[in-house]
Amino acid sequence: MADGEVRVRFAPSPTGFLHVGGARTALFNWLFARNQGGKFILRIEDTDLERSTEESYQAIIDAMKWLGLDWDEGPIVGGDYGPYAQSERRDLYREWAQRLLQEGKAYYCFCSSEMLTGMREEQKKQGKDPKYDGRCKLLLPDEVGHRIAEGQPHVIRFKMPQEGETVVHDIVRGDVTFNNTQLDDFVIIKSDGYPTYNFAVTVDDALMKISHVIRGEDHLSNTPKQIRLYHELGIEPPRYAHVPLILGEDKTRLSKRHGATSVGQFKTDCYLPEAMVNYLALLGWAYDDKTELFSRDDLVQKFSLERVSSTGAVFDYAKLQWMNAEYMKHRSLDDKVTLVLPHLEAAGLITSPLDDEMMQFIRQLVEVVGERVKVANQIPEHVGFFFTEDVDYDPEAAEKFLKQHYVGPAFKILEERLSALEEFEQATIEPVMRGLVSEMGMKARDLFQPVRVALTGTRQSPGLFEVMVLLGKDKVLARLRRARKEFS
Ligand code: GLU
């Protein structure tokens, strides 16, 4: 451990997009570093050559930037402990593996994959847990030298102690004990010369002076292997905090079946990064049992690993939407317009370039729909009716509200009175509507709901008078007339 300095890292493998689980791990590391005045390091674990891609690397970098998780050391920014991509650190891993070999703590293994499969099957037949039986440990040095000189494919394995226990002192989960006999002599250098995850991560965490390893609970079972490596290397392990998995509502691991899972998708769907950060922070961490809205500064100030829970965190899409809506409220009208424009365009409701009049209209639209739009990409469903000549009626709403016997006569009077208005504004429309309601001895709702369905096609819409003003007199009259003719 570095001399008291907090140094944490996020170590993604660039083999896909940044999953919300990964982003949450990154965020917890970042918050912990910022809270402690420590360093946050980004390390790219790209030793899986076949699955690592440049595209995925870029997606991770973009997602981190979008979330505002800046790193003090890592790709782009550099640092004293680089390089920060594992593919560029191969010599270091080989050096450390050599050291273990020389000290008799690791050995070459020439077993082919067929032999290993056979071994495992035999063990299963005998009712034993499959594990490497250590046969290459017995090879004499001459024999090893000879086989290597011959160019026989080989890996390097770590000698696990065959007795005793390894205890992970986890900040989140308490002490977790592993029986050493369950662990086998795992591979540290593969036949292609690349290190395995467990070895590379240990060497890197040691060389980068990582003080706390904060990562997903799925890595807990790797931790005893890493601790044994530290032990044999004579280095004090970092402290560990394994954070709970993120689950879907059915309590299975969050996957595409449940909805969007990549940070990039939430960005495309137009979630606000500040809402995303706030939401992710609550996946497995809580300050108390009621506060839910935290600014970034608040989170930095209040975050602690002690308050991370050990039980799975359920990803609740509805709650994320709610939170997004809370943050939308703080955005300026200009910002909101900028956010919704691409979605209006994608839905084919507008085409750019927009003239001033259209821009003005959209500003008003955004004001009128207000908080109904929780996420910017929801705008088309709320405003589609403004852009069409033929409203699509929700059949149930039409049946319920437009087929009432009084609707025909009421609409007829309303059309006459509205058409007589010189100024078509809320202040002139409202008295006409309310006046008619009281003349006909109805409740406001009995008139307003049919009008709403006639104008928008649905039973739910933004404020009715505002909608009427924005639609304009001609459209309002045409829609009332059409509904009257079609349904009464
Ligand atoms: N590359 C590993 C992963 O993406 C990192 C695990 C760790 O933090 O040790 O799961």
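Order of appearance sets the numbers: ligands from 1, and atoms from 1 within every ligand. What you see is a predicted model, and the numbers here were worked out from it, not measured in a lab. Keep in mind that the numbers below use all heavy atoms, side chains included, and drop hydrogens, waters and symmetry copies.
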(message) Below a 4.0 angstrom heavy-atom separation, can you tell me which part of Tyr197, side chain or backbone, both or neither, approaches ligand 1?
(response) side chain
(message) Looking at Tyr194, I'd like to know if the NZ or CZ of Arg90 sits under 6.0 Å from its six-membered ring centre while staying within 45 degrees of the ring's axis.
(response) yes
(request) May I ask you to test the Val201-Arg9 pair for a side-chain heavy-atom distance under 4.5 Å? (result) yes
(request) Starting from atom 10 (O) of ligand 1, locate the nearest protein heavy atom and write down its residue, its atom name and how far away it is, to 0.1 Å. (result) His219 NE2, 2.7 Å
(request) Any atoms of ligand 1 less than 4.0 Å from a non-hydrogen atom of Arg215? List them with their elements. (result) 7 (C), 8 (O), 9 (O)
(request) For atom 8 (O) of ligand 1, grab the closest protein heavy atom and report residue, atom and distance to one decimal in Å. (result) Arg9 NH1, 2.7 Å
(message) Among all the protein's non-hydrogen atoms, which is closest to atom 5 (C) of ligand 1, and how far away is it?
(response) Ala11 O, 3.1 Å
(request) Could you tell me which residues satisfy salt bridge (Lys or Arg N to Asp or Glu O under 4.0 Å) with Arg331, sequence neighbours excluded, listed by chain and number? (result) Glu274, Asp335
(message) Looking at Arg99 and Glu95, is any side-chain nitrogen of the basic one under 4.0 Å from a carboxylate oxygen of the acidic one?
(response) no
(request) Could you list the atoms of ligand 1 found under 4.0 angstrom from a heavy atom of Val201? (result) 9 (O)
(message) Under a 4.0 angstrom heavy-atom cut-off, which atoms of ligand 1 come close to Glu45?
(response) 1 (N), 2 (C), 5 (C)
(message) Whether Asp250 and Arg257 form a salt bridge (side-chain N of Lys/Arg under 4.0 Å from carboxylate O of Asp/Glu) is what I want to check.
(response) yes
Distance-only criterion, 3.5 Å: show the donor-acceptor pairs between side-chain atoms of residues 365-373 and protein atoms not counting sequence neighbours.
unit_1 : atom_1 : unit_2 : atom_2 : d
Arg372 : NH2    : Ser461 : O      : 2.9

